[in-house]
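Residue numbering restarts at 1 for every chain, and letters A, B, ... go by the order of the sequence lines. In this text the structure is predicted, and so the values were computed from the model without any measurement.
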Protein chains: 2
Amino acid sequence: MAEKEPKFTRDLPESRRRQLIEATARSLARHGLDGTTVRVVAAEAGVSPGLVRHHFAGMHDLIAETYRWTGKEVEKGLRAALTAAPDHPEAQLRAFLDASFSTPMLNPDLLGVWLTFWSLTRTDPVIHEIHGKVYADYRKRLQRYISGIAEEKKLSLDPRIAALALTALLDGLWLEHCLDPSTFTASEARQIAHDWVDNLKAGRFMAGAKREEPIPAVAKVG
Amino acid sequence: MAEKEPKFTRDLPESRRRQLIEATARSLARHGLDGTTVRVVAAEAGVSPGLVRHHFAGMHDLIAETYRWTGKEVEKGLRAALTAAPDHPEAQLRAFLDASFSTPMLNPDLLGVWLTFWSLTRTDPVIHEIHGKVYADYRKRLQRYISGIAEEKKLSLDPRIAALALTALLDGLWLEHCLDPSTFTASEARQIAHDWVDNLKAGRFMAGAKREEPIPAVAKVG
DNA sequence: ATAGTTATTATACGTTTGTATAATACTCAA
DNA sequence: TTGAGTATTATACAAACGTATAATAACTAT
């Protein structure tokens, strides 16, 4: 009596879709957009290539869905770190910064996925829309903290501009550290971010008057 | 007497190589890494596909050379803006900032090319090496300006850390503006950068004491 | 003018891509 | 236990990929 050994196991569409999405994320991280093919993703998920087309409209659709999922996953991870911190603007912001430069976030694989999406943002309208939504949420969160601190410390500043600056700083630090971790440590990145907040609290940010427009004097590039 | 009309015109290898490199840059910007094929590049350059293999070891080699060329081209463009500015650390730095957010630099196509290289940096050792060199030069330049200002203003700061922070800020602003110019204007980006320098001059940067390491409290992501 | 060099084109080949179709077999309900 | 539904696999196919090869023709030097 040989045990009957199923050739494959069925799964609920929703479950299988997520398995394929996670496999796509892993592939994007390891092999880039080029290396992420229907067959590679299927192999990574341990299913047949045909199944991809059964659950998604096509490779294009699968990548877009992977963006949505990754964005939510990052958001979830960061939000989790905030529950432990006191319910106070500065404490929340500082916890957010620490979480941004914690090991799970400094994963070069995560950057690999993100770079793919950034690239697609430029040409793909669907990805572009997802990008706008993800970043708007991100900035909105930072701006809330900054406004809270400004109100408390009676600072006069433009919270929108400040949020833009901090977002750019964090993005840049994260990007460059993941691209080449040997350049600076995660601890140094954290220090830079926290110092930025120190400056904000000191009321020295966005205190300058309007500047005159510079004279364009650069040759065409690219 | 019909004029004899050559089927093609010859060119010096060096010249033709650059034409192909520039065509590759345009293609990377417009169609991404996927869309940048031997045939597309050849069409863009107005030559036959076979010519690519004649001048380059392969598609891989062509892309690497395009990175080198683009890096030098950007460096050249920025350096040109500095010759017009007074030979003084702060003036040079401010001119550098203005040039960084001038129209030729805020070209989304340029970002398109750059994103490709960032992606490849993670998997390709050759590209990784080029990346390291390009960024080291960039940071070295900023650090020189910052050290000059610090010396003049008798500020005590860590020029390396400061250069890292400014590099990240500029990279982030540039990246995000190119990805979605509707979020903030080039003028706002310039303002943020100059305000950072104001803070630097006020001696408020990197003044904070050492911070304790945070408790990792983030779930795994990616 | 003429010969030699080689940049350039033309053509072809094997691989891999995304997608489509039909057959299979797991799961659940009756 | 049987039958229906469909998740899953297997196979196939046209298109496009990078690369290799040989023929062609533009330029240079003599």
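- Side-chain N/O atoms of A/Ser15 and A/Gln19 include a donor and acceptor closer than 3.5 Å.
- In this entry the distance linking CG of A/Leu12 with P of D/dG5 reads 19 Å, nearest Å.
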Can A/Leu120 and A/Val126 be said to form a side-chain contact (heavy atoms from CB on, under 4.5 Å), step by step? CA-CA 9 Å; A/Leu120 290 173; A/Val126 177; over 6 Å; no

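- Residues passing the salt bridge (Lys or Arg N to Asp or Glu O under 4.0 Å) test with B/Arg16: none are found, sequence neighbours excluded.
- Computed from coordinates, the A/Glu14 CD to D/dA7 P distance equals 13 Å when rounded to whole Å.
- Rounded to an integer number of Å, the gap from B/Phe56 CZ to C/dA7 P is 13 Å.
- Between the CG atom of B/Asp61 and the P atom of D/dG18 there is a distance of 14 Å, given to the nearest Å.
- Computed from coordinates, the B/His54 NE2 to D/dA22 P distance equals 15 Å when rounded to whole Å.
- Residue A/Met59 places its side chain closer to C/dT19 than to any other of D/dG18, C/dT19, C/dT8.
- Note on B/Arg16: only backbone sugar-phosphate atoms sit closer than 4.0 angstrom, heavy atoms only; bases stay farther off.
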Using a cut-off of under 3.5 Å, enumerate the N/O to N/O pairs linking the protein to nucleotides 26-29 of chain D.
{"unit_1": "D/dA26", "atom_1": "OP1", "unit_2": "B/Lys7", "atom_2": "N", "d": "3.0"}
{"unit_1": "D/dA26", "atom_1": "N3", "unit_2": "B/Arg10", "atom_2": "NE", "d": "3.2"}
{"unit_1": "D/dA26", "atom_1": "N3", "unit_2": "B/Arg10", "atom_2": "NH2", "d": "3.2"}

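- Rounded to a whole Å, the CG atom of A/Leu33 is 13 Å from the C1' atom of C/dG18.
- Of the listed nucleotides (D/dC17, D/dT8, C/dA7), D/dC17 has the atom at the smallest distance from the side chain of B/Arg39.
- Remark: B/Thr121 pairs with no residue by the side chain to side chain donor-acceptor pair (under 3.5 Å) rule, at least two apart or across chains.
- Salt bridge present: A/Asp109 and B/Arg122 bring a charged side-chain N and a carboxylate O closer than 4.0 Å.
- No side-chain donor-acceptor contact under 3.5 Å links B/Ser27 to the backbone of B/Ala23.
- Nucleotide D/dG18 holds its C1' atom 16 Å from the CG atom of B/Leu51, rounded to whole Å.
- Distances shorter than 4.0 Å separate some side-chain N or O of A/Thr37 from OP1 or OP2 on C/dT17.
- Counting any heavy atom pair closer than 4.0 Å across all strands shown, A/Val52 reaches no nucleic acid atom.
- Below 30°, between 30° and 60°, or above 60°: for B/His177 and B/Phe184 the angle between ring planes is between 30° and 60°, a tilted geometry.
- Rounded to a whole Å, the CG atom of B/Asp34 is 12 Å from the C1' atom of C/dG18.
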